[in-house]
Amino acid sequence: MGIFDKFFKKKDQKKEEKGRASSPSLKENLNYIKEKLKDCDDVIYRDLWVGENQEFNLAVVFIDGLIDKALVNDHVIHSLLLDSRQADPSIEKIKGNLYKVIKKGTISGGDIKEVNDLDKCILSILSGDTALLFDGSPDIVIISSKGWEKRSISPPEAETVIRGARDGFTETIRVNTAMVRRRIRDPNLKIKQIQIGERTHTDVAVLYMEDIVDKNVLNKVMERLKNIKIDGIFESGYIEQLIEEDWHSPFPQVLSTERPDKVAASLLEGRVAILTDNTPFALILPTTLATLFQSAEDYYERWMISSLLRVLRFLAALVALTAPAVYIAFTAYHPGLIPTKLTLYVAATRQGIPFPAFFEALIMEATFELLREAGVRLPAPIGQTIGIVGGLIIGQAAVQAGIVSPLMVIVVAVTAVASFAIPSYSAAIAFRMLRFVFMILAAIFGLYGIMLGLIMVLTHLVVLKSFGVPYLSPFVEIHLSDLADTLIRAPLMYFKERPEILNTPDKRKMVDLREEKIESLEEDRRGRDDKK
């Protein structure tokens, strides 16, 4: 252990503060809550007197804007003020049987629980629940009353499809889990919810199929999530970066998606999904390089169309990675390897260009990345205009000014289009970053530099793992059944088993229709023989 490890370890050692136990005194409990939530003008305190003679004091605490006002007014306050007067509760009954008098006899809210910890009570209030405190009893009733404004379900913007579902995840975790439940009506679908973030206490849900998932992967996921100690989680990207195995790698080791159908399909394969509150992006793990090139639409179209599209995506990734580097290598080091007419044409187009091929490609690639970033940050109508018009105008002006050659503009445009064909945005960024590394290697070593770069990338991918699963599976561990869903997508009748790389207890995914037909014919034959 180094000196820095000792230093940071000392700083990270914090005493775990125990929660404040609630008191039978309502005034004492309210004073503690008000002290913790002082200068919070959105906290509402409602003092109530109930009972036949209004001799029992209660208090309702909630945050305006986080609760469903209709639920609190009609099913909590209304019930306590009016319905409770028809009963004759005594303080002994309240002390002895809180649920029978209040939960089962007065409050008509749906989800109700009891706590005896004031800090847990405050956390529930900050989460959108309503707290009901009693004078003379330390028990606090927490009523689920979340009802903040939320975005309606809309089509996913980052993963559009021509054929397929049009609903995408929202920023509300319970809506997202419901969309997955709609697709998998199986009691084996388990949803474990935890809170991550020392201050934000963000709700995080872990979804898996109990009879399918590999328990080793599930335990590893839960362990890494519970070990996260951070002030706040505001998006699933925080969790992705904190649980991945190799954070030095440019390639994503966790798949992010906005589509509930994609999450449902991954769960049935034996993977684990993570849903985070306040974000529409779900995480799927473990993931491989092949899954980053798969689209939900691949399984809704016929296998020949899907296979052709997948081949195009892999070719597009290769073009996005190496096209500018190949241009630099051929023009600067190996012009003799291209046909003579093409060599003369390239030489003619580069006549008068003041920069070498590397700086020419670097200027155009950097300009295009700048335009793409500007288009993303600007409002949608203006961003599209900047991306298209800006690219055309700058490219044409650069050619006319003699700064770059027309062929270089074509190479950059083809490279940009190829990078857009990669379904995963995170994977596309990785290829875009590595493109500059390949350009530098090509400028120094030519084609040998490109081959060296490919060897380095492949070596890195071979040793890379996602929660124990090799990143290049099933190519490094050959499983013939898994190859049916990689470079090509075989017909659906070949998807009889789940992926071998996931090590699922339940291997069977589908019964072959041809096997059923053969069994049916055999039964008919046996039946005829028995009659004879």
Side-chain angles (χ1 to χ4, degrees), residues 68 110 128 144 146-193 202-209 212-213 233-240 252 254-285 287 291-302 305-306 309-310 313 376 379-380 384 420-428 485 489 492 495 509-510:
D68 184 350
S144 179
K146 299 179 179 66
W148 52 74
E149 294 294 331
K150 56 181 179 295
R151 181 172 62 92
S152 60
I153 298 175
S154 59
E157 297 181 1
E159 297 175 271
T160 57
V161 295
I162 298 176
R163 182 175 181 177
R166 293 294 191 273
D167 57 338
F169 287 132
T170 67
E171 286 76 15
T172 306
I173 189 172
R174 193 52 64 214
V175 175
N176 297 340
T177 56
M179 283 193 283
V180 179
R181 281 283 187 193
R182 281 184 56 196
R183 289 168 167 81
I184 304 179
R185 303 173 185 179
D186 189 337
N188 288 308
L189 172 59
K190 305 301 180 181
I191 301 176
K192 288 186 177 181
Q193 188 162 316
T202 305
D203 292 325
V204 177
V206 180
L207 288 71
Y208 61 93
M209 300 298 295
I212 299 177
V213 70
I233 297 291
F234 301 101
E235 215 276 338
S236 58
Y238 281 69
I239 298 177
E240 177 182 355
V254 179
L255 177 63
S256 61
T257 179
E258 289 182 273
R259 302 189 60 86
D261 55 344
K262 196 168 184 177
V263 170
S266 300
L267 293 175
L268 293 180
E269 286 184 346
R271 304 182 193 273
V272 180
I274 300 176
L275 298 176
T276 308
D277 200 15
N278 303 318
T279 175
F281 287 93
L283 303 179
I284 300 174
L285 45 95
T287 188
T291 58
L292 300 176
F293 288 86
Q294 297 173 1
S295 174
E297 196 175 15
D298 293 349
Y299 304 93
Y300 307 147
E301 293 286 355
R302 298 172 65 240
I305 300 174
S306 301
L309 294 177
R310 283 196 183 177
R313 290 178 198 142
V376 171
Q384 295 177 0
F420 291 141
I422 302 174
S424 173
Y425 178 73
S426 299
D485 193 22
R489 203 224 80 187
L492 283 179
F495 290 78
K509 186 177 181 181
M510 182 179 68

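Every side chain to side chain donor-acceptor pair (under 3.5 Å) that Tyr300 has, sequence neighbours left out, goes to Asp261. Remark: Ala265 engages no residue in a side chain to side chain contact (heavy atoms under 4.5 Å, CB included) (not counting sequence neighbours). With sequence neighbours left out, the side chain to side chain donor-acceptor pair (under 3.5 Å) criterion links Thr291 to Thr287. In this structure Ala421 satisfies the side chain to side chain contact (heavy atoms under 4.5 Å, CB included) test together with Ala316, sequence neighbours excluded. Considering only residues two or more places apart in sequence or on other chains, Arg271 meets the salt bridge (charged side-chain N to carboxylate O under 4.0 Å, His left out) condition with Glu269. For Thr276, there are no side chain to side chain donor-acceptor pair (under 3.5 Å) partners two or more places apart in sequence or in a different chain. The salt bridge (charged side-chain N to carboxylate O under 4.0 Å, His left out) check on Lys190 picks up Glu210, with sequence neighbours excluded. Taking the salt bridge (charged side-chain N to carboxylate O under 4.0 Å, His left out) definition, one finds that Arg181 meets it with nothing, sequence neighbours left out. With sequence neighbours left out, the salt bridge (charged side-chain N to carboxylate O under 4.0 Å, His left out) criterion links Asp186 to no other residue. With sequence neighbours left out, the side chain to side chain contact (heavy atoms under 4.5 Å, CB included) criterion links Pro423 to Arg313. Shown here are the ring pair (Phe, Tyr, Trp, His ring centres under 6.0 Å) partners of Phe293, two or more places apart in sequence or in another chain: Phe314. Residues satisfying the side chain to side chain donor-acceptor pair (under 3.5 Å) test with Glu301, not counting sequence neighbours, are none.
To the nearest 0.5 Å, atom CZ of residue Phe281 and atom CZ of residue Arg259 are 12.5 Å apart. Atom CE of Met209 sits about 7.0 Å away from atom CG of Leu267, to the nearest 0.5 Å. Taking CD1 of Ile212 as the start and CG of Asn188 as the end, the distance is 7.5 Å to the nearest 0.5 Å. Lys262 NZ to Thr257 OG1: the interatomic distance, rounded to the nearest 0.5 Å, is 4.5 Å. Put simply, CD on Glu235 and OG1 on Thr279 are 3.5 Å apart, with the number rounded to the nearest 0.5 Å. For the atom pair Ile162 CD1 and Ser295 OG, the distance stands at 9.5 Å (nearest 0.5 Å).
Arg310 has a carboxylate O that lies under 4.0 Å from a charged side-chain N of Asp485, or vice versa, which qualifies the two as a salt bridge.
Tested against Gln193 for a side chain to side chain contact (heavy atoms under 4.5 Å, CB included), the candidates Asp277, Leu275, Asp203, Leu207 yield a single pass: Asp203.
The minimum heavy-atom distance linking Ser236 with Leu283 is given by the pair O-CD1, 3.6 Å. The two residues Tyr299 and Arg489 have their closest heavy-atom pair at CA-NH1, 3.7 Å. Summarising the geometry of Ile184 relative to Ala264, their closest heavy-atom pair is CD1-O, 3.6 Å, with the distance given to 0.1 Å.
You'll find the side chain of Tyr208 stays beyond 4.5 Å of the side chain of Leu189, heavy atoms only. Between Ile191 and Val206 the shortest side-chain heavy-atom distance does not fall below 4.5 Å. Proximity of Leu255 to Leu292: side-chain heavy atoms (C-beta onward) are separated by under 4.5 Å at one or more points.
With hydrogens and angles disregarded, no donor-acceptor distance shorter than 3.5 Å links the side chain of Arg182 to the backbone of Ala178. With hydrogens and angles ignored, the 3.5 Å screen pairs a side-chain donor or acceptor of Glu297 with a backbone N or O of Arg163. Between the side chain of Asn176 and the backbone N or O of Thr170 there is at least one donor-acceptor pair closer than 3.5 Å. Looking only at distances, a side-chain donor or acceptor of Glu258 sits under 3.5 Å from a matching main-chain atom of Ala158.
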Before you tell me yes or no, could you show the steps for Asp68 and Lys146 under side chain to side chain contact (heavy atoms under 4.5 Å, CB included), namely the whole-Å CA-CA distance, both residues' side-chain angles and the distance that decides it to 0.1 Å? CA-CA 6 Å; Asp68 184 350; Lys146 299 179 179 66; over 6 Å; no
What verdict does the side chain to side chain contact (heavy atoms under 4.5 Å, CB included) test give for Ile274 and Leu285, after you've listed the backbone C-alpha separation in whole Å, the side-chain angles of each residue and the deciding distance to 0.1 Å? CA-CA 8 Å; Ile274 300 176; Leu285 45 95; 3.8 Å; yes
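Judged by a 6.0 Å distance limit and a 45° cone about the ring axis, Arg151 is not positioned over the six-membered ring of Phe169.
Judged purely by distance below 3.5 Å, without hydrogens or angles, the side chains of Glu240 and Ser256 never pair a donor atom with an acceptor atom. Using a 3.5 Å distance cut-off with no hydrogens or angles, the side chains of Glu159 and Tyr425 do not pair a donor with an acceptor.
More than 12 heavy atoms of other residues, nucleotides or ligands shown are found within 6.0 angstrom of CZ on Arg166.
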